[in-house]
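Below: the structure, in C-alpha cells.
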Amino acid sequence: MSSASQSRPWDVHRLPSAEGMTFLVTGGNAGIGYFAAEQLAATGAVVVLGSRDAAKASAAITSIRSRVCGAHVQHLQLDLADLSSLKTAVDRLDLDQLDAVVHNAGVALDDLPRRETKDGHELMFGTNHLGHFVLTQWLAPLLSAAPAGRTVTVGSFAARSERLDLGDLQSTQDYRPKRTYGRSKLAQMCFGFELDRRLRAAGSTVLSVVAHPGGALDSLTPSRPPVHVTSPGERLRALPTGLLVQGKDAGAWPVVRAVLDPEVQGGQLWGPRVFGLRGTPRREPVPSHMADPAVAARLWAASAELAGTDPHLGFR
C-alpha cells in the first residue's frame, strides 16, 4: 500500500468496512443516534438500536433498511432510567463480544418541574450519566472480549460552559433545566475521559473516546419519515444558521469516526472541524474542566455509590 493511500483523508461518505463487527447505539431510534446507526449500518456491521420504545425503534429500522441495502439492524429494549433493568437488557443481547457501544441516548428537558427516574435520581443526570455508567459495567465483559472494543460517549457543546457541582449532582438544591442538562452531559464527558484513564491503568484493550455533534439542528436535518420530517419551509428558514451549525446527519460524523477510525486513540475528543460547531470531524483539545482527574474521581465515586455498582465497572 502506498503512503498516499495509507494517509487517505477520512471521508465521511466513504467509510471503511466493518463487516463482522457489532455496535450498540443507545437512543439509536432518533436524532444523532439514528444517523450514527444509519451510517454505521452502511459499513456492513450489525447495528443494535438500544431504545425504550419498540415502535420508534421499528420505524428507525425500517428507515435504515430502506436506505442501506442489506443492513443488519436490530432492536434491544433498553431503559437507561431504570438501572435495575440494564443487566437483563445486556443479557438479552446474547453476544460473545461487542466491538463498540455509543453512549448516545439522552433526555433533555427545558421546563419545570424537576423530575425523577424510577430509582429516585434526577431524570437527566440519572438517565444521561448514571444509566450509561451502569450499562458500561454490564457491557465490560463483551467489550473486553472484542479485539479492540470501544466506548464512545456522546457529549454536548453545552457542557463547555458548565461546571459540575459535586455537592449537588442531582440538582436538588438548585434545578434549572438547561443547566442541569448541560451538567449531565459534562458528567458523561468527564466519565468518558476518566474511564479511559482507568482502562489504561488496568492494561485493558478497550478504548474510551468522547465525541460531540457540535451545533446540530432538526431544521437542517434531512427527512427520514416517519423518524423525522423537515418541511421545505423549515429548511428554508434555517438556511442562514447553516453557516454556523448543521443537521443531525452531519452531527453524527464525529461519533461514527470515533467508532471506526483505527487511528483514534483512547482519551481523545472528536467534534466538528469549524469552531467545534459544524463540518467534518477532527480531534479537539480536551477542555481542562473535562480533563480534571480529581473532579472525575469524585464524580466516579459518587456515581458508583448512587448506582450501587462495582467501582471498577467490571474492568480489571
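Residue numbers start at 1 and run along the sequence shown.
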Would you confirm whether [X], through its side chain, and [Y], through its main-chain N or O, come within 3.5 Å as a donor-acceptor pair?
| X | Y | answer |
| --- | --- | --- |
| Glu234 | Ser219 | no |
| Arg273 | Pro281 | yes |
| Asp196 | Val209 | no |
| Arg176 | Thr180 | no |
| Thr26 | Ala105 | yes |
| Arg163 | Arg160 | yes |
| Gln77 | Arg52 | yes |
| Thr62 | Ser58 | yes |
| Asp99 | Phe23 | no |
| Ser184 | His129 | no |

State whether the number of non-hydrogen atoms from other residues, nucleotides or ligands found under 6.0 Å of [X] atom [atom1] is greater than 12.
| X | atom1 | answer |
| --- | --- | --- |
| Asp11 | CG | yes |
| Asp94 | CG | no |
| Arg114 | CZ | yes |

Flag side-chain contact, heavy atom, 4.5 Å: [X] against [Y]:
| X | Y | result |
| --- | --- | --- |
| Trp10 | Pro16 | yes |
| Val295 | His289 | no |
| Val255 | Asn104 | no |
| Pro272 | Leu277 | no |

Carboxylate-amine/guanidinium proximity below 4.0 Å for [X] and [Y]:
| X | Y | value |
| --- | --- | --- |
| Lys248 | Asp218 | yes |
| Glu284 | Arg282 | no |
| Glu194 | Arg197 | yes |

Inter-residue atom distance Asn128.CG - Tyr181.OH, 0.5 Å rounding: 6.5 Å
Ring pair (Phe, Tyr, Trp, His ring centres under 6.0 Å) pairs, two or more places apart, involving residues 79-115: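 Ring pair (Phe, Tyr, Trp, His ring centres under 6.0 Å) check on residues 79-115 returns His103-His132.
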Please determine, by modelled atom types, if Asp168 and Thr172 share a side-chain donor-acceptor pair under 3.5 angstrom. yes
Side-chain H-bond candidate by donor/acceptor type, Thr151 with Ser208, under 3.5 Å: yes
Taking only residues at least two apart or on different chains, which pairs with a member in residues 34-44 satisfy salt bridge (Lys or Arg N to Asp or Glu O under 4.0 Å)?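 Non-adjacent pairs meeting salt bridge (Lys or Arg N to Asp or Glu O under 4.0 Å): Glu38-Arg67, Glu38-Arg224.
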For the residue pair Ala187 and Phe125, what are the closest heavy atoms and their distance? CB-CE1, 4.1 Å
Report the C-alpha separation of Asp165 and Gln170 in whole Å, then their side-chain angles, then the decisive distance to 0.1 Å, and conclude whether the side chain to side chain contact (heavy atoms under 4.5 Å, CB included) test is met. CA-CA 9 Å; Asp165 182 348; Gln170 308 239 38; over 6 Å; no
Centroid-centroid under 6.0 Å between His13 and Trp253 rings: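 Yes, ring centres under 6.0 Å apart.
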Glu122 vs Tyr175, side chain to side chain contact (heavy atoms under 4.5 Å, CB included): CA-CA, chis, key distance, verdict: CA-CA 10 Å; Glu122 187 280 315; Tyr175 178 72; 3.8 Å; yes
Testing Leu169, Leu186, Asp292 one by one against Leu299 for a side-chain contact (heavy atoms from CB on, under 4.5 Å), which residue passes?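 Of the listed options, the one satisfying the test is Leu169.
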Side chain to side chain donor-acceptor pair (under 3.5 Å) with Arg179: which residues, sequence neighbours excluded? Asp174
Please lay out, stage by stage, how Ser144 and Thr205 fare under the test side chain to side chain contact (heavy atoms under 4.5 Å, CB included). CA-CA 7 Å; Ser144 298; Thr205 56; 5.5 Å; no
Residue pair Val256, Val259: steps toward the side chain to side chain contact (heavy atoms under 4.5 Å, CB included) verdict: CA-CA 5 Å; Val256 169; Val259 171; 5.7 Å; no
